[in-house]
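So you know, we letter chains A, B, ... as the sequences are listed, proteins then strands, and number each from 1.
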Amino acid sequence: MILRMSTMFLRTLRDDPVDAEVPSHRLLVRAGYIRRAAPGGYTWLPLGLRTLNRVETIIRQEMDAIGAQEVHFPAMLPREPYEISGRWTDYGPNLFRLQDRRGVDYLLGPTHEEMFTLLVKDLYSSYKDLPLWLYQIQTKFRDEARPRAGLLRGREFLMKDSYSFDIDQDGLQRSYDAHRAAYLRTFDRLGLPYDVVSAMSGAMGGSASEEFLFPCESGEDTFVSCSKCDYAANTEAVRVGEPAKIDYSGFAAAVVHETPATPTIATLVDLFNSRADLKRSDRAWHSGDTLKNVIVNLRHPDGRIEPLAVGVPGDRDVDLKRLEAQVAPAEIFDFTDEDFAKNKNLVKGYIGPTALGEKNVSSIRFLLDRSIAIGSAWITGANATGRHVASLVYGRDFSCDGVVDAADVRDGDPCPKCGSKLQIRRGIEIGHVFQLGRKYAETLGLTVLDQNGKTQVVTMGSYGIGVSRAVAAIAEANHDELGLKWPTAVSPADVHIVIAGKPGDETAGAGEKLAEELSAKQMTVILDDRKGVSPGVRFKDAELIGTPRIVIAGRGVATGVVEVRNRRAGTVSEVALANAAEFVAKMPAT
RNA sequence: CGGGGAGUGGCGCAGUUGGUAGCGUGCCUGGUUUGGGACCAGGAGGCCGGGGGUUCAAGUCCCCCCUCCCCGACCA
């Protein structure tokens, strides 16, 4: 088909919109693909909608290819299922809620686990019906605190979500593997580079979970990948190796020192290095020799508040995200000065492990970072203002109530799998595969009868791809200073023909004819047939819009040739007009 | 929600001690141009984010709210 620039609903912008920072947002607005319509909500213009549809089609084809079946739920959902699963409250302010004229509660679906579970419960009741894979491509709503970066984080976005239903864990594993493989194929076809990283299953009660991250500076997710082996994980999910025990038999006994005015790690280390009686002979003390004890508050789902102490090496911070992922479903919030005032056994700035722990004076649960070895000696608080203790040995002088991964992960930390250096990277989550297990099936009562006539709770998996986000990610991965340069598979058109001659000359006729020929070959053609627009504008617009192939019907037409450009490779070929359609149609997809 | 910046024709911006709202681009008309965002002339287009106040007079000063962008918190 032919899309005529003279009539297409399109206006490209000469200047960058000032409120758009990331390249995908800037270029998609400037090239006339999307317009902002609401905070975190975008209107798809004809060009943008074409690309969105093509992305959708590829995803749909790959889902259909593994045997998943498409359904479609309403976006506006009743409260009850979410009430049963607990997410009506768990989702908190992130859920868009509304009421009908009688005051009955509804929500705009942020994700549809409950609805899929109930749908299968409604129709199926036998193991013979399983496995079953269902999916939908649906607008999702989340009241994000801060929508940003155009399509990358909106409050309304398009998502493909699928769900697998199996009789047991082996079945779930097969479903999971099939989806994972389909995702690899999908992202390859979309022309999106990705890293598959281990993610936290957290409160969801599942086991395996992996995210597909598009590595990108403007990404919001931090992950690590090993420089040598294939290990990659979301920072929350990184598990450092257990350290070897240290033989402390020759270590000095713990001794308390007067350390006035040392409320911070830095002041403490300075003091130890500056006093002759505390100085180390072999090297200077550094912050990693100190044990930092941080107190946070946990809010459990039942509303119970519990203080929690976490010990990490003094040269590291507690990564609250990592910690929260491990204490989930509890949430973390600040332990305030008021809380300190109520706990007389805690001396702010001088907290030490001997006061911590369920069996000690504070009776506050005390968790140690996994990196801390049994037998290691520490400088740490002595639970009195202006006092610290040195040579306090873990396993000899103090203990803890458990081990946790709480310290922040840094660039260069050892890989838990092979010991090589980890790299910290950023990415955009474009897909997520997740073994849900029985959580939803159990709470919503999805069971089937097995071969023995016994009731079995169904085991589920859920699998998501951010469709509108993928469009933005593809734009992030495929642009230059001139504009977009789409992969062939998702470009809004296959070829863009620029008529660059003088009005009334033969270039317009040549462009029209070529457009007809390409259209007859089932290609989608953008034809710049606008009147009175200078060639410079046409070139700029073609490059901004970014179809992978651009044909210039200009001064060469007089001698029977057109210029065929490969926007992605940056190459140019002169082709005889008579062969042009054939040539363009045979250009390899990129 | 915390910190920082900003809201003035579609887009990018200026607007002085408070005194009739401007420029560039885009759009319309006519003419000249036509291989890298052309030129001339004439036009249309504004609740100056919203609401209160101060004042003879508010884009400009004061108060409240909303929205957008950046950093952080949050993010099945």
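In this structure, a donor-acceptor pair under 3.5 Å is absent between the side chains of A:Glu476 and A:His479.
Among the atoms of the strands shown, only primed sugar atoms or phosphate atoms (P, OP1, OP2) are found under 4.0 Å from some heavy atom of A:Arg35. Within the nucleic acid shown, A:Arg36 comes within 4.0 Å of sugar-phosphate atoms alone, with no base atom in reach, counting heavy atoms only. Using a 4.0 Å heavy-atom cutoff across all strands shown, A:Val537 reaches at least one base atom of the nucleic acid. Here A:Lys540 lies in heavy-atom contact (under 4.0 Å) with a base.
Partners of A:Phe214 under the ring pair (Phe, Tyr, Trp, His ring centres under 6.0 Å) rule, at least two apart in sequence or in another chain, do not exist in this structure.
When the C1' atom is compared between B:G22 and B:C1, the two are found 40 Å apart, to the nearest whole Å.
Side chain A:Arg11 to base B:C11: no donor-acceptor pair is found below 3.5 Å. For A:Arg530 and B:G37, a side-chain-to-base donor-acceptor distance below 3.5 Å is absent, hydrogens and geometry of angles not being considered. For A:Asp541 and B:G37, a side-chain-to-base donor-acceptor distance below 3.5 Å is present, hydrogens and geometry of angles not being considered. If you check distances only, the side chain of A:Arg30 does reach the base of B:G37 with a donor-acceptor pair under 3.5 Å.
Counting only heavy atoms from C-beta on, A:Glu543 has its side chain closest to B:G36 among B:U34, B:G36, B:G37. The side chain of A:Val18 lies closest to B:C13 when the candidates are B:C13, B:G35, B:C75. Candidate nucleotides B:C11, B:G35, B:C74 were compared by shortest atom distance to the side chain of A:Phe539, and B:G35 ranks first.
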Original post:
Dot-bracket for RNA chain B, 5' to 3', with Watson-Crick and G-U pairs under 3.5 Å, [ ] for crossing pairs and | for other-strand pairs: what is it?
Top reply: (((((((..((((.....[..)))).((((((.....)))))).....(((((..]....))))))))))))....

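For B:U34, neither phosphate oxygen OP1 nor OP2 lies less than 4.0 angstrom from any side-chain nitrogen or oxygen of A:Ser534.
Atom-to-atom, CZ of A:Arg469 to P of B:C75 comes out at 14 Å; the value is rounded to the nearest Å.
To the nearest 0.5 Å, atom OG of residue A:Ser225 and atom CD1 of residue A:Ile424 are 9.0 Å apart.
Ring to ring, A:Phe212 and A:Phe187 are close: their centroids are under 6.0 angstrom apart.
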